[in-house]
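Numbers restart at 1 for each chain; the letters A, B, ... are given by sequence-line order, proteins then strands. Keep in mind that the numbers below use all heavy atoms, side chains included, and drop hydrogens, waters and symmetry copies.
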2 protein chains.
Amino acid sequence: MAKKPVKIDDVAREAGVSKTTVSRVLNQRGYLSDETIAKVQQAMEKLNYRPNAIARQLYKQETKLVGLIFPTIDDPFFGQLEAALENELYRRGYKVLMGNSQNNPEKERSFLRQLLNRQVDGLIVGAHNQAINEYQRTSLPIVSIEQIVSRNVPVVASDNYNGGLLATQRLLDDGCQHIIHTNYPEDIPTPNHERRLAYEDLLRQHGQTPITYHISFDDPVAKKRAIIRQIFRDHPEVDGIFADNDTNAGLIMNIAGEFKRLIPEDLRVVGYDGANATRVLLPQLTTIQQPIDQMAKRAVAMLQARINGEQVSSTMLPVKIIDGGTA
Amino acid sequence: MAKKPVKIDDVAREAGVSKTTVSRVLNQRGYLSDETIAKVQQAMEKLNYRPNAIARQLYKQETKLVGLIFPTIDDPFFGQLEAALENELYRRGYKVLMGNSQNNPEKERSFLRQLLNRQVDGLIVGAHNQAINEYQRTSLPIVSIEQIVSRNVPVVASDNYNGGLLATQRLLDDGCQHIIHTNYPEDIPTPNHERRLAYEDLLRQHGQTPITYHISFDDPVAKKRAIIRQIFRDHPEVDGIFADNDTNAGLIMNIAGEFKRLIPEDLRVVGYDGANATRVLLPQLTTIQQPIDQMAKRAVAMLQARINGEQVSSTMLPVKIIDGGTA
DNA sequence: TTCTTTATGTCAACCGGTTGACATAAAATG
DNA sequence: CATTTTATGTCAACCGGTTGACATAAAGAA
């Protein structure tokens with residue numbers, strides 16, 4: 001039997017004042033005697049009063065909630081990114097409403113529609129879906145990460161093209177003659193393609209023919225493994241692989257073992273992301289590290305500015321190469 | 001200049017009906033002519049009307065929000081767990097408010113207090129903090145995962161003791177003579193200690209002396225590495241290690257390399273958790289796998305039951321050993 | 001023809017806080 | 001002593017939906 005929750009009138013009655021007075025104590029507004037404050041606080045304590053956040057939100061027209069829409073949270077990169085976002089938002093008094101789109105447009109749209117109902121004060125988006133026009137028709141402050149969502153949504157990205165250059169250059173410097181790249185299917189728009197472009201440009205400059213194998217983020221692991229095995233079968237001459245993320249790089253390293261290739265002697269590998277979790281489990285992996293925590297900080301700062309009504313423009317942050325031993 | 005949001009009265013005026021009629025269309029209540037429905041929907045479309053979720057929540061006294069309080073999300077185990085929880089909750093019409101306590105009692109308490117203000121319909125908790133009495137003083141439906149929060153909060157756990165037995169038994173079966181264990185400091189209450197107890201019990205039965213090194217989840221990686229190096233220095237005779245989580249197992253494998261130990265020839269390793277991300281990056285690791293997805297499903301089902309006012313009791317789910325090659 | 005039942009719609013109270021407008025008394029100022 | 005300022009508190013409207021109670025008309029049943 002749930003007993004009726006205590007409301008502000010109950011506190012007022014208990015303390016022998018009006019509800020406005022209680023509200024004033026709660027919000028520290030106007031003139032109040034210490035005596036009154038004490039009385040009210042005692043009453044609140046006694047009744048274990050908890051102000052109803054929803055009622056306040058309705059009046060104030062703000063929820064202090066920010067929605068995060070990302071493909072998933074079960075991934076070293078997105079996990080670290082969302083953790084950093086949550087942390088930074090919390091510092092500024094915001095709580096986080098998490099939505100994993102799982103690259104399911106249906107889910108993303110439904111999620112978005114709900115949040116647009118003045119359920120959140122702002123949105124940070126890193127999901128891979130296009131064709132969701134809701135993003136354009138809203139006046140809700142939005143910032144996107146590594147993803148172009150709509151003309152009027154500022155983007156925080158890292159320098160993907162340069163990352164692609166760094167990775168490819170490293171393999172070239174190592175003397176690799178047959179460098180292969182893995183990336184998303186080209187019809188899925190993601191900033192990862194910048195990495196591929198850099199790879200292709202640089203490889204052509206060096207007279208090599210770029211070869212890209214397509215591995216989708218959402219493919220089941222078994223399929224990813226199958227594609228990678230195919231690389232070794234199709235191109236036994238491969239001596240360098242630039243993977244567009246560290247998970248794929250990890251798979252490549254494992255499968256190289258199956259094919260009796262020693263790393264880095266027979267095969268050099270460069271990954272991408274450099275998230276903490278991967279750095280811990282695969283410290284030997286040479287990878288391009290994105291400044292995940294800074295990206296989160298920047299995105300939150302930009303969102304805050306937009307919520308405050310300021311205009312902000314997109315930013316690009318630098319990446320760097322981390323030397324493991326695989327390249 | 002933010003234009004005033006459209007409210008239900010605007011739609012009513014546009015459609016030439018009362019606001020109640022609009023609300024009925026929205027909620028499909030009572031009798032409505034197709035004609036009226038069409039009129040109203042056209043008006044909503046035309047004005048791009050979005051019902052204010054907060055107002056509805058205030059009246060309905062439910063938010064369809066569930067709070068998740070966990071130490072962090074940037075971890076293979078918790079990442080997968082929270083992803084599964086989000087997924088399952090979404091299926092049932094709930095959205096997720098995420099709170100990472102980072103094992104900071106201050107943050108956890110503050111977070112909790114806010115959510116208790118009828119901001120969420122329920123709570124799923126897996127944070128490591130004790131001494132937070134707010135958990136006991138609330139009538140909010142709560143379920144905890146792998147954590148004893150309060151007498152009246154049901155727990156979903158996996159069979160940690162058996163997990164400890166399986167891991168230790170495997171190392172014994174492999175013929176290890178000097179088995180060492182890593183676990184939390186003993187003053188931090190966590191179900192991991194069950195794993196340690198199993199290890200100690202079994203080892204004593206076999207006439208070996210249990211030795212546990214303490215590595216806290218929140219220790220910086222450098223410190224974790226230092227502790228692990230100490231193991232090899234203190235006990236060069238070690239030939240088997242049972243780590244209380246896969247991240248530590250990964251670190252151990254790396255550091256074993258530093259000390260020129262071959263795995264599994266010189267040193268056998270068994271980890272714990274068996275989360276997807278770790279399985280992908282370290283498929284060679286033999287580990288005790290927790291049924292993460294089932295734990296999430298179970299927890300959500302239990303929470304739903306509690307929200308519906310039903311009584312539920314704690315559950316324990318089985319674990320199994322996954323054969324990699326490290327033991 | 002009278003009484004139900006069905007169809008359609010309106011009114012106003014309510015959810016639980018917040019705050020502008022206003023009242024009153026005491027203290028400070030001229 | 002009159003006037004302004006400071007201190008303290010009350011009233012009622014408002015945020016934006018939802019819904020029980022109630023009105024009215026048309027169709028069906030007795």
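- Map T36(B) and I8(A) each onto its nearest nucleotide of DNA chain C; the residue landing nearer the 5' end is T36(B).
- Pairing each heavy atom of Q136(A) with each of N152(A), the nearest pair is O-ND2, 4.2 Å.
- Nearer to the 5' terminus of DNA chain D, by closest-nucleotide assignment, is the contact made by D34(A) (compared with the other of K60(B) and D34(A)).
- Two residues, S33(B) and R50(A), neighbour DNA chain C, and the one matched to the more 5' nucleotide by heavy-atom proximity is S33(B).
- Checking side-chain atoms of E146(B) against main-chain N and O of S158(B) turns up a donor-acceptor pair under 3.5 Å.
- A distance of 6.5 Å separates CD1 of I142(B) from CG of L112(B), quoted to the nearest 0.5 Å.
- The distance between the ring centers of F78(A) and F217(A) falls below 6.0 angstrom.
- Atom CG of L97(B) is separated from atom CD of E86(A) by 9.5 Å, given to the nearest 0.5 angstrom.
- On the nucleic acid side, DNA chain C contacts chain A at distances under 4.0 Å to non-hydrogen atoms, with the end points of that region at dG16(C) to dA21(C).
- Using a 4.0 Å cut-off between charged nitrogen and carboxylate oxygen, E88(B) and R91(B) count as a salt-bridge pair.
- Side chain of D121(A) to main chain of K64(A): a donor-acceptor pair is present (N/O by atom type, distance under 3.5 Å, no hydrogens or angles).
- Using a cutoff of 4.0 Å between basic side-chain nitrogens and carboxylate oxygens, K7(B) and D10(B) are not scored as salt-bridged.
- Considering all non-hydrogen atoms of both residues, L47(A) and V6(A) come closest at O-CG2, 3.4 Å.
- Among the heavy atoms of the strands lying under 4.0 Å from L32(B) are primed sugar atoms or P, OP1, OP2 only; no base atom is included.
- Nearest heavy atoms, L115(B) versus G67(B): CD1-CA, 3.9 Å.
- Near DNA chain C, meaning a heavy atom under 4.0 Å from it, residues 15-29 of chain A has K19(A), T20(A), S23(A), R24(A), N27(A), R29(A) in order of number.
- Recorded end-axis angle for the helix from dT1(C)-dA30(D) to dG30(C)-dC1(D) stands at 40°, based on five pairs per end and rounded to 10 degrees.
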